[in-house]
Amino acid sequence: MQVLYFAWLRERIGIPKEQIETNAATVAELVEELRGREERYALAFSDMASVKVAVDQELVDMDAPLKDVREVAFFPPMTGG
Amino acid sequence: MQVLYFAWLRERIGIPKEQIETNAATVAELVEELRGREERYALAFSDMASVKVAVDQELVDMDAPLKDVREVAFFPPMTGG
Amino acid sequence: MAVRVQADDFDIGAEIAAMAAGRKDIGAIVTFSGLVRDMANGQPITTMALEHYPGMTEKALEKIEAEANKRWDLQASLIIHRYGPLDAGANIVLVATASPHRQAAFESAEFIMDYLKSRAPFWKKESGAAGGNWVDARDADETAINRWDQTSKA
Amino acid sequence: MAVRVQADDFDIGAEIAAMAAGRKDIGAIVTFSGLVRDMANGQPITTMALEHYPGMTEKALEKIEAEANKRWDLQASLIIHRYGPLDAGANIVLVATASPHRQAAFESAEFIMDYLKSRAPFWKKESGAAGGNWVDARDADETAINRWDQTSKA
């Protein structure tokens with residue numbers, strides 16, 4: 001699945017997006033998996049209170065399932081307008 | 001003093017303004033005096049719930065005094081905007 | 001702060017541009033424009049004659065604008081109100097407010113419009129095929145003022 | 001109804017004119033424009049970089065606009081949101097709503113802005129002499145949404 005990062009998550013992880021093959025059943029499991037990968041992911045996901053997630057471009061909670069999902073995006077709380 | 005009429009008060013009385021010499025102490029007394037003059041005034045002032053008054057260009061109540069007043073205006077409730 | 005009472009039309013884009021010209025501290029601009037509708041109470045309207053009380057009108061608008069500037073942190077404000085005969089679709093009024101914050105810009109524009117409706121000496125006569133008819137003041141417009149609390153002097 | 005996400009600037013006067021063109025049934029048009037301020041938290045700002053999530057942004061704006069049109073009797077609505085590097089003083093966003101009645105035009109524009117602030121996937125990085133800084137979401141913006149009640153799906 002395609003995983004996207006925006007704003008300071010993008011900066012901390014160092015890339016705007018990547019293709020990830022995972023068996024994670026939920027977003028929370030995916031975050032755990034990424035945290036275990038490298039320090040930059042651990043840093044980016046160190047304070048989950050300031051991380052939001054969208055699955056296939058819809059805002060969801062961290063316990064959302066990943067079955068049949070094409071695109072997951074992580075980003076800070078939005079500041080539009 | 002100068003007395004002005006606006007909107008349907010102007011139409012009923014038939015003139016936009018007139019110079020009036022009066023001994024009326026309040027707006028209410030002036031209205032009584034005008035009512036007694038002619039039918040068109042009596043008609044214009046028949047429903048005082050829909051008549052507003054300004055004295056020297058400030059909205060006031062009907063019991064406002066007329067001492068030293070230069071201009072009195074009668075009109076329906078305002079519909080600006 | 002500026003108030004204009006005029007027969008001529010206005011250009012909303014030009015007014016907003018003038019309000020923001022040369023400054024970079026404005027965060028939000030809200031505009032309200034009111035137009036002549038072609039229907040009133042189910043009757044077609046072709047023109048609206050707007051009568052006003054020259055002298056008192058300017059004073060009333062300035063008082064309303066000053067009260068808005070006292071209540072909210074505004075960087076600029078503008079009220080333009082037309083008078084005379086206006087065709088359906090024509091502009092009647094423009095209110096614009098600028099502030100560092102969106103809430104102040106929104107609230108002050110609403111406040112000004114609410115007071116304009118029942119405290120500025122304008123009267124509207126709508127004309128269509130069915131003849132002419134003075135627009136009655138709406139109870140709702142009087143009620144709208146109450147939400148800004150009873151202490152207002154505007 | 002229209003939503004545009006673009007790098008280019010917009011012309012507020014032209015957008016309002018287009019909204020009202022050829023129709024005489026509109027009674028009220030409210031616009032909100034948001035601009036880049038030259039100060040943030042007491043620090044001078046020269047530019048703001050607006051990042052967004054192409055695809056999701058358009059969906060989010062369309063959802064917010066549709067919800068506003070469901071809640072209020074609107075004759076037209078428009079949301080334009082810019083992205084990319086913007087100088088202090090530049091336009092960021094334009095929201096415009098048209099309705100027969102002023103209250104609907106005001107409320108729907110405020111509703112759209114409140115949801116834009118914390119439900120549209122935009123992120124702002126302010127840059128000045130002191131370096132770059134991602135703008136934090138404000139609690140007040142999250143709270144602002146609550147006044148439109150808990151049942152909203154936008």
Side-chain angles (χ1 to χ4, degrees), chain C residues 10-17 19-40 44-47 75 86-103 105-107 109-114 116-117 138 140-141 143-144 147, chain D residues 10-17 19-40 44-47 75 86-103 105-107 109-114 116-117 138 140-141 143-144 147:
Chain C
F10 48 78
D11 177 337
I12 303 174
E15 297 296 342
I16 297 177
M19 183 172 263
R23 54 195 300 176
K24 300 177 174 180
D25 57 338
I26 295 175
I29 298 178
V30 167
T31 73
F32 175 94
S33 33
L35 300 94
V36 180
R37 293 173 58 194
D38 59 0
M39 291 290 284
I45 298 302
T46 49
T47 60
Q75 297 168 312
L86 301 174
D87 291 338
N91 288 319
I92 303 172
V93 63
L94 175 66
V95 167
T97 53
S99 172
H101 305 292
R102 78 181 186 284
Q103 205 58 32
F106 269 123
E107 286 182 5
E110 285 189 77
F111 173 91
I112 291 171
M113 279 308 304
D114 281 353
L116 265 183
K117 284 276 169 185
R138 295 165 63 235
D141 287 332
T143 310
R147 66 177 164 143
Chain D
F10 48 78
D11 177 335
I12 303 175
E15 296 297 343
I16 297 177
M19 183 172 262
R23 53 194 303 175
K24 300 178 174 180
D25 57 339
I26 294 175
I29 298 179
V30 167
T31 73
F32 175 94
S33 33
L35 299 93
V36 180
R37 293 172 59 193
D38 59 1
M39 291 290 285
I45 298 302
T46 48
T47 61
Q75 296 168 312
L86 301 174
D87 292 337
N91 289 318
I92 303 172
V93 61
L94 175 66
V95 167
T97 53
S99 171
H101 305 291
R102 78 180 186 283
Q103 205 57 31
F106 269 122
E107 286 182 5
E110 284 189 77
F111 173 91
I112 290 171
M113 278 308 303
D114 280 353
L116 265 182
K117 284 274 168 186
R138 295 166 62 235
D141 287 332
T143 310
R147 66 177 165 143

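Labels below follow one simple rule: chain letters A, B, ... track the order of the sequence lines, proteins then strands, and each chain is numbered from 1.
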Which answer fits [X], side chain, backbone, both or neither, if we ask what part of it has an atom under 4.5 Å from a heavy atom of chain C?
X	value
D:Gln103	side chain
D:Ile26	both
D:Ala105	neither

Exercise. Check each atom of C:Ile16 against the heavy atoms of chain D and say whether the ones under 4.5 Å are side chain, backbone, both or neither.
Key: side chain

Practice problem: Mind checking salt bridge (Lys or Arg N to Asp or Glu O under 4.0 Å) for C:Asp25 and listing every partner two or more places apart, or none if nothing turns up? | Solution: C:Arg23

Self-check item: Inter-residue atom distance D:Ile45.CD1 - C:Lys24.NZ, 0.5 Å rounding
Solution: 12.5 Å

Quiz item: Knowing that exactly one of C:Phe32, C:Phe111, C:Phe106 qualifies, which makes a ring-ring contact (aromatic ring centres under 6.0 Å, His included) with D:Phe106?
Solution: C:Phe32

Quiz item: chain C: which of D:Ile12, D:Asp11, D:Leu35 shares the most heavy-atom pairs with it under 4.5 Å?
Solution: D:Leu35

Taking [options] one by one, which has the highest count of heavy-atom pairs under 4.5 Å against chain D?
options	answer
C:Gly27, C:Ala14, C:Gly34, C:Ala88	C:Gly27
C:Gly22, C:Pro100, C:Ala17	C:Pro100
C:Ser33, C:Gly13, C:Gly89	C:Ser33

Exercise. Would you please name every residue forming a side-chain hydrogen bond (donor to acceptor under 3.5 Å, both in side chains) with D:Thr31, sequence neighbours left out?
Key: C:Thr31

Quiz prompt | Residues in residues 90-98 of chain C near chain D [non-hydrogen atoms, under 4.5 Å] | solution = none

Exercise. Hey, could you give me each pair passing salt bridge (Lys or Arg N to Asp or Glu O under 4.0 Å) that has a residue in residues 91-103 of chain D? Not counting sequence neighbours.
Key: C:Asp114-D:Arg102, C:Asp141-D:Arg102

